[in-house]
Amino acid sequence: MADLSGKVALITGAGQGVGQGIALALAAAGAKVAVTGRTLAKLEATCALIAERGGEAQAIAGNVKDAGNLAEMVEQTIKRFGGLDVLVNNAQEVPNGKLLDVSDEAFLAGFESGPLASFRLMKLVHPHMVARGGGVIVNLASSAGIRWDMSGYGAYGAVKQATRVLTRAAAAEWGRQGIRVLTIAPHAESPGLKWWIANNPDEAEAFFRTIPLGRIGKLEEDIGRAVAALCSDDMAYLTGATIPLDGGQANFD
């Protein structure tokens, strides 16, 4: 198992789904964890799970579309734990639908909650990571950005591809400062995926047949532990890459 003892992590959208799975895995690896999201009760539930296992976590309610809230998330994390080593930009509002059906407001919300929030948080944590001698930033993308058939996924794919570009830029600009920046593109048993399956059963069945490992990833065991490994010193020479945690389905080459 990865060893993140002495590390401090901030994870957005950690009240459920992939964010919660990552928070649980990082805490299990020894990190102190700040979990953020819009619903305090969900965040407190995540913290309770971590505490039951002997870990330490802090719940910070806020909206990633609000620049002031983002600054407060970082400030509270530093105040509680004394530093910051890992940032996971997981929160995302999804602008689903065909182009003519996606409103400007939904598309903008996708950018504000995804690449813009990631951009802002990356800049906010940068000086704190430099002060610690380095750190790891993990941004979330999606194989929706590289589908051969983009019908119904153009707005969402555009948002997630923008996040991948920010990863590459930050990795190139901050590598000499000891900051590694990665993207993961997971398939996992999240509420969002369950909603998609329920609303697109035929497409979902066909899609799942294209996954070589034949199953959807587990939130903590498959996605969270992979992120913990990526954040550990064992992966110290990896940066700027997109890691498809999807059972072999996507090709990001």
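These figures come from a predicted structure and were not determined experimentally.
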Tell me the closest heavy-atom pair linking [X] and [Y], and the distance in Å.
X: Ala59; Y: Leu43; answer: CB-CB, 3.7 Å
X: Ala250; Y: Ile146; answer: CB-CD1, 4.0 Å
X: Val159; Y: Pro95; answer: CG2-CG, 4.2 Å
X: Leu166; Y: Met122; answer: O-CE, 3.8 Å
X: Ser103; Y: Ala106; answer: OG-N, 3.0 Å
X: Gly17; Y: Leu219; answer: C-CD2, 3.6 Å

Measure from the side-chain N and O atoms of [X] to the backbone N and O of [Y], and report whether any donor-acceptor pair falls under 3.5 Å.
X: Asn199; Y: Trp195; answer: yes
X: Asn200; Y: Ala204; answer: no
X: Thr12; Y: Asn89; answer: no
X: Arg120; Y: Ala71; answer: no
X: Asp233; Y: Ala236; answer: no
X: Ser232; Y: Ala229; answer: yes
X: Asn139; Y: Thr183; answer: no
X: Ser142; Y: Ala144; answer: yes
X: Lys160; Y: Leu140; answer: yes
X: Gln177; Y: Gly134; answer: no

Hydrophobic cluster membership, [X] vs [Y], 4.5 Å side-chain cutoff:
X: Leu26; Y: Val138; answer: yes
X: Ile78; Y: Leu124; answer: yes
X: Val125; Y: Leu182; answer: no
X: Val136; Y: Met129; answer: no
X: Met73; Y: Val35; answer: no

Mind checking salt bridge (Lys or Arg N to Asp or Glu O under 4.0 Å) for Arg80 and listing every partner two or more places apart, or none if nothing turns up?
Glu56

Distance from [X] atom [atom1] to [Y] atom [atom2], nearest 0.5 Å?
X: Ile50; Y: Lys32; atom1: CD1; atom2: NZ; value: 13.0 Å
X: Glu221; Y: Leu24; atom1: CD; atom2: CG; value: 9.0 Å
X: Ile197; Y: Asp202; atom1: CD1; atom2: CG; value: 13.0 Å
X: Asp85; Y: Leu10; atom1: CG; atom2: CG; value: 11.5 Å
X: Ser113; Y: Lys65; atom1: OG; atom2: NZ; value: 6.5 Å
X: Leu230; Y: Arg225; atom1: CG; atom2: CZ; value: 14.5 Å

Show me the donor-acceptor pairs, under 3.5 Å and distance only, between side chains in residues 184-193 and residues at least two apart or in other chains.
residue, atom, partner, partner atom, Å
Ser190, OG, Leu193, N, 3.2

Check whether any side-chain heavy atom of [X] lies under 4.5 Å from a side-chain heavy atom of [Y], and answer yes or no.
X: Pro115; Y: Phe111; answer: yes
X: Ile223; Y: Lys218; answer: no
X: Ile11; Y: Val33; answer: yes
X: Gln161; Y: Val165; answer: no
X: Leu70; Y: Val64; answer: yes

Side chains of Asp149 and Ser151: donor-acceptor distance under 3.5 Å anywhere?
no

Could you walk me through whether Arg53 and Glu220 satisfy the salt bridge (charged side-chain N to carboxylate O under 4.0 Å, His left out) test, starting with their C-alpha distance in whole Å, then the side-chain angles of each, then the deciding distance to 0.1 Å, before giving a yes or no?
CA-CA 14 Å; Arg53 302 176 178 188; Glu220 179 180 358; 2.7 Å; yes

Is there a side chain to side chain contact (heavy atoms under 4.5 Å, CB included) between Thr77 and Ile60? Walk through the geometry before answering.
CA-CA 8 Å; Thr77 302; Ile60 307 171; 3.6 Å; yes

NZ/NE/NH1/NH2 to OD/OE distance under 4.0 Å, Glu203 and Arg147
yes

Verify side chain to side chain contact (heavy atoms under 4.5 Å, CB included) between Leu84 and Arg132, making sure each step is shown before the conclusion.
CA-CA 8 Å; Leu84 186 57; Arg132 303 270 275 192; over 6 Å; no

Show, in sequence, the C-alpha distance, side-chain angles and deciding distance for Asp222 and Arg215, and conclude whether the salt bridge (charged side-chain N to carboxylate O under 4.0 Å, His left out) test is met.
CA-CA 11 Å; Asp222 293 321; Arg215 64 179 179 85; 2.6 Å; yes

Check the surroundings of atom CZ in Phe119: do more than 12 heavy atoms from other residues, nucleotides or ligands lie under 6.0 Å from it?
no

Might you work through the salt bridge (charged side-chain N to carboxylate O under 4.0 Å, His left out) test for Lys79 and Glu75, ending with a clear yes or no?
CA-CA 6 Å; Lys79 183 178 180 180; Glu75 182 179 339; over 6 Å; no

Side chain to side chain contact (heavy atoms under 4.5 Å, CB included) for Val8 and Val86? Distances and angles first, verdict last.
CA-CA 6 Å; Val8 177; Val86 175; over 6 Å; no

Could you go through the side chain to side chain contact (heavy atoms under 4.5 Å, CB included) check for Met235 and Arg180 one step at a time?
CA-CA 10 Å; Met235 295 291 181; Arg180 297 190 294 116; 4.1 Å; yes

What residue pairs, at least two apart or across chains, pass ring-ring contact (aromatic ring centres under 6.0 Å, His included) with a residue in residues 152-186?
His126-Trp174

Tell me which one of Ile22, Ile137, Leu87, Leu4 satisfies side chain to side chain contact (heavy atoms under 4.5 Å, CB included) with Cys231.
Leu4

